[in-house]
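A short write-up of the structure that comes next.
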Number of protein chains: 2
Amino acid sequence: MLPELKITQLRHFVWVAELKGFHAAAEKAHRTQPAISLSIRDLENKLGEGLFEKRNAKTAKTELTPFGRYFLPKAKELIAHHDRVAEDMTLLAEHKTGHLRIASVPSIATRILPELLLQFVADSPDLHISFFDGNSDAVIKMVESQEVDFGIASLFHEEEHSDKSFTPIWDDQIGVVCPINHPIAEFDEIHWEELTQYRLIGNGTSRILEDTEASPLLGQSQFYISNMISLIAMLEAGFGITTLPWYAVPKDSQKLTFVPLSSPKVIRHIGIVQMNNKSLSPPAEALVEFIKQQSQDHQD
Amino acid sequence: MLPELKITQLRHFVWVAELKGFHAAAEKAHRTQPAISLSIRDLENKLGEGLFEKRNAKTAKTELTPFGRYFLPKAKELIAHHDRVAEDMTLLAEHKTGHLRIASVPSIATRILPELLLQFVADSPDLHISFFDGNSDAVIKMVESQEVDFGIASLFHEEEHSDKSFTPIWDDQIGVVCPINHPIAEFDEIHWEELTQYRLIGNGTSRILEDTEASPLLGQSQFYISNMISLIAMLEAGFGITTLPWYAVPKDSQKLTFVPLSSPKVIRHIGIVQMNNKSLSPPAEALVEFIKQQSQDHQD
DNA sequence: TTTCTTTGGTAAGGAAAACTTATCAACGAA
DNA sequence: TTCGTTGATAAGTTTTCCTTACCAAAGAAA
């Protein structure tokens, strides 16, 4: 019942009106002049009224009818609205804008994400990012409840989470962290049994060793420190040694060093967790791609 | 560079989203389901991002992606805006709304226009009308300066006004107005020379007779009254008689009667004056058409 | 389980819309 | 007058859109 006005037609109309000529408008539209003529005529038919003064008669200038004059600002507004929406959506699709929510385990959150996000955000000034951290279980829970677009976690058992998918990105090897002047600091790698003679401090990541041959180490620990800051302080004070995944070791520590465990060689796969049937928002998708790309580059 | 979103496509998208299905949307759009599928796919390609969750996979329900969810309200707004504009313009073209300015000579203004406008406005509740009256010269001036959309006037000499067009509507015959008990009230028509024996009052319309054989009458007039109300009062008081065009005679006078002049038979053509190269606004055009139609009907 | 029904996606052909080239008439300027 | 410009018009082609016919997947019912 209502006519369906095409944005293109409105543009033609506005151009003819503002450039005062069909030829000029045609050039601007990258069309030929008859195309514009027909487009305008069609628009006039749809609206049921002439937009320009009868142009076959002796009139020289292309001039709007009162009806056309009334229509012009409305057409311009509608075009502007359309362009605003189109631009918004395009920017969003190109992840230049939007809101991104992610959750990550602390190790990646502190060691990897900061500079990675910095790079990612560089050409997306309007992108808002909400960031949460927690252990892998917490991260997975947030993915499940869709509080976040995706999560970065380890300890992922596909059997228990058939509704989610896991894409491994980082291989995080467990090793021993000790002061640089500690005897084992010289080692290139170390066997778990060699640790028994030292004071081992347990921490939140220790349970990774639970199902390995090194599990006896866990019972041996006299100290358990869950807070990472405190743990590092204790280690730096020479209080003892601990096992940690590589990415959980502070990057710039002058006083600590990392020696990989050769046996058991425990590799913790950390990667991206997302819901299977939910596709990601464009910025989220873009970040995931960016992460994959970056980790690829770093491996080469 | 920016994609050009078609309103139709947006409608399809909104329908699929709100009716939660392509089939339902297809029915609403009076299209087949594949048409909707293709329309949505095209829209997705334009935006560069999926709007609905991948539907080939095991997902049952038609569900929006986050991107689609974000787009939905914007699409609805844009459609609403479009419809508002389309409706506005359609109403305007159908003269259901708008602003109409006309000028008319008093005779038509008082005798014809009131009930004619009443009829015309009946189905156009939002139509605003500005009305001016004046003698023919004044009316034509207002048309020239485009203060009014068109004018209703007589005394039109095409030679002097080649930039305007005149459409005669009413034929207004000059006659004698006298009290009903006056001797000439009995006549069916009258010759100008028969008037010389009575006291003739001149008025604003008298100069119509200037170029006719009856011009001697003008010099004979002892009284001249320009104001119509006063003139009528004088006539009703039996002070004398006058010549007037038929349409200038008060319609419902109980005390006066009109006797046409048979010689000279002076017919004053009253009609519509408008600019040649300016087309009328839709309501103006509609009123002109309405007037033509009405006068036609009344003649039959 | 198998079958039926519903979902939407895909392919191929045809109708409709949009655009092109070629041409025309009208007007203004040189 | 002639030329250069305006936009309208006709005919034909390209592109877009839509249709019919068919398919695969998944949920419901037998």
Side-chain angles (χ1 to χ4, degrees), chain A residues 2-47 49-65 68 162-163 276-279, chain B residues 3-47 49-65 68 162-163 275-279:
Chain A
L2 272 181
E4 194 91 344
L5 312 176
K6 304 225 174 77
I7 299 296
T8 310
Q9 276 182 325
L10 298 184
R11 258 186 241 283
H12 292 167
F13 164 65
V14 170
W15 285 334
V16 173
E18 296 198 327
L19 303 175
K20 301 189 192 310
F22 285 64
H23 285 273
E27 188 176 2
K28 182 142 196 164
H30 304 293
R31 292 285 119 88
T32 57
Q33 170 264 313
I36 304 299
S37 280
L38 295 175
S39 180
I40 297 294
R41 164 128 45 110
D42 182 54
L43 184 57
E44 288 175 333
N45 288 339
K46 278 180 184 163
L47 294 175
E49 197 64 37
L51 291 166
F52 294 95
E53 295 293 343
K54 320 179 225 16
R55 20 211 192 280
N56 55 345
K58 58 182 171 183
T59 163
K61 302 275 168 246
T62 309
E63 211 175 339
L64 286 166
T65 61
S162 59
D163 57 336
N276 254 337
N277 56 351
K278 286 278 175 186
S279 64
Chain B
E4 196 90 342
L5 312 176
K6 304 224 173 78
I7 299 297
T8 310
Q9 277 183 323
L10 298 183
R11 259 186 242 281
H12 292 166
F13 164 66
V14 170
W15 284 334
V16 173
E18 296 199 326
L19 303 176
K20 300 187 193 309
F22 284 63
H23 285 274
E27 188 176 0
K28 181 140 197 168
H30 305 294
R31 291 286 120 86
T32 57
Q33 171 263 313
I36 304 300
S37 280
L38 295 175
S39 179
I40 297 294
R41 164 128 44 111
D42 183 53
L43 185 56
E44 288 176 332
N45 288 339
K46 277 180 184 164
L47 294 175
E49 196 64 36
L51 291 167
F52 295 95
E53 295 294 343
K54 315 180 236 3
R55 17 206 196 283
N56 54 347
K58 59 182 171 185
T59 165
K61 301 278 169 244
T62 308
E63 209 176 339
L64 286 167
T65 60
S162 58
D163 57 337
M275 295 304 288
N276 255 338
N277 54 353
K278 288 277 175 187
S279 66

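So you know, we letter chains A, B, ... as the sequences are listed, proteins then strands, and number each from 1. The basis for the numbers below is simple: all heavy atoms, side chains too, and nothing from hydrogens, waters or symmetry mates.
Taking atom CD1 of A:Ile40 as the reference point, atom C1' of C:dC19 lies 15 Å away to the nearest angstrom. Atom CG of A:Leu19 and atom P of D:dT6 are 12 Å apart (whole Å). Between the P atom of C:dA18 and the CD atom of A:Gln33 lies a distance of 17 Å, rounded to the nearest Å. Here the P atom of nucleotide D:dT20 and the CD1 atom of B:Ile36 are 13 Å apart, to the nearest Å. Computed from coordinates, the A:Glu4 CD to C:dA16 P distance equals 18 Å when rounded to whole Å. Note: CG (B:Asn45) to P (D:dC17) measures 12 Å, nearest angstrom. Rounded to a whole Å, the NE2 atom of B:His30 is 15 Å from the C1' atom of D:dC18. Separating the CG atom of B:Leu5 from the C1' atom of D:dT16 is a distance of 16 Å, rounded to the nearest angstrom.
Distances were taken from every side-chain heavy atom of A:Ser37 (C-beta onward) to each of C:dT10, D:dG7, C:dC19; the shortest belongs to D:dG7. When the nucleotides D:dC18, C:dC19, D:dG7 are ranked by their closest atom to the side chain of A:His12, C:dC19 comes out on top. Closest to the A:His23 side chain, of the nucleotides D:dG7, D:dT9, C:dA18, is D:dG7. The side chain of B:Phe22 approaches C:dG8 more closely than any other nucleotide in the set C:dT20, C:dG8, D:dC18.
In terms of phosphate contacts, B:Arg41 brings no side-chain nitrogen or oxygen within less than 4.0 Å of OP1 or OP2 of C:dG8. Between B:Lys6 and D:dT16, a side-chain N or O to OP1/OP2 separation shorter than 4.0 Å is absent. The side chain of A:Thr32 places an N or O atom within less than 4.0 Å of a non-bridging phosphate oxygen (OP1 or OP2) of C:dT20. The phosphate of D:dC17 (OP1 or OP2) has no side-chain N or O of B:Arg31 nearer than 4.0 angstrom.
A side-chain donor-acceptor contact under 3.5 Å links B:Glu44 to the backbone of B:Leu51. No donor-acceptor pair under 3.5 Å is formed between the side chain of A:Gln9 and the backbone N or O of A:Asp42.
Of all heavy-atom pairs spanning A:Gly50 and A:Thr65, the tightest one is O-OG1, 2.9 Å.
By the 4.5 Å heavy-atom criterion applied to side chains, A:Lys6 and A:His12 are not counted as neighbours. Inter-residue side-chain proximity for A:Ile40 and A:Trp15 is flagged as unmet; no heavy-atom pair is nearer than 4.5 Å.
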